[in-house]
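One structure below.
Just so it is clear, the values below take in all heavy atoms, side chains as well, and ignore hydrogens, waters and symmetry mates.
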Amino acid sequence: MSALRERSAHSQLAPGERLLGYASVVPASGAKGVGIGGAVASALVNHVGAESGGAGSIAAGMPRTSGALLLRVTDQRVGLVKPLDGTPVWEVPRAWVTRVERRPRTQLMARFRLHYADGSWHAFLTMRRRTIEEFRTLIG
């Protein structure tokens, strides 16, 4: 699976564009809870603290998705791609992403926010806290 994700992360890069990092993430707005409290957890994760920004904001431009995607950071853009074939789901210019903020863990997964130049943000979940630190190093 790792080789497949590597190929997907490199897929459809522009000539001369350099991949700086990638990891498997789940947009908090599309996360699903598990177990007995799954429905309640899903409702909370999906609606409370999953994104900010009104219509026309950078955050509002991301389509609703579900399941794991690859968040990739290149020297030119930051975006989500499908892990099996690298099809872009959503991308923004690298300059539009201002920082990564680690958030308190709400489930088994680590949580972080991508903040954008217009003040909006998205929350994501990942299996490893180390992933957040790698993105913080790349983005700020």
Could you check whether R136 pairs with E133 (Lys NZ or Arg NE/NH1/NH2 to Asp/Glu carboxylate O, under 4.0 Å)? yes
Are Y22 and V89 connected into the same hydrophobic cluster when the rule is that any two of I, L, V, M, F, W, Y join if their side-chain heavy atoms are below 4.5 Å apart? no
What about L70 and L125, same hydrophobic cluster or not, with Ile/Leu/Val/Met/Phe/Trp/Tyr joined at side-chain heavy-atom distances under 4.5 Å? no
Would you say R102's side chain and F112's backbone share a donor-acceptor pair under 3.5 angstrom? no
With no hydrogens and no angle check, is any side-chain donor or acceptor of S11 less than 3.5 Å from a backbone partner on T87? no
For the residue pair R94 and L138, what are the closest heavy atoms and their distance? NH2-O, 3.2 Å
Are F135 and V92 connected in the hydrophobic side-chain network, where two residues link if heavy atoms are under 4.5 Å apart? yes
With sequence neighbours left out, what residues match D118 under side chain to side chain donor-acceptor pair (under 3.5 Å)? S120
Looking only at non-hydrogen atoms, find the nearest pair between S8 and K82 and report the distance. CB-O, 3.7 Å
Quick check: does any side chain N or O of T98 sit under 3.5 Å from a backbone N or O of H115, one acting as donor and the other as acceptor? yes
Is there a donor-acceptor pair closer than 3.5 Å between any side-chain N or O of T74 and the backbone N or O of L19? no
Mutual orientation of the aromatic rings belonging to H122 and W90 [parallel < 30°, tilted 30-60°, perpendicular > 60°]: perpendicular
What pair of heavy atoms forms the shortest contact from H10 to L13, and how long is it? O-CG, 3.3 Å
Please name the residue in the list T65, L114, L71 that meets the side chain to side chain contact (heavy atoms under 4.5 Å, CB included) test with P27. T65
Main-chain N/O of E17 paired to D75 side chain as donor or acceptor, under 3.5 Å: no
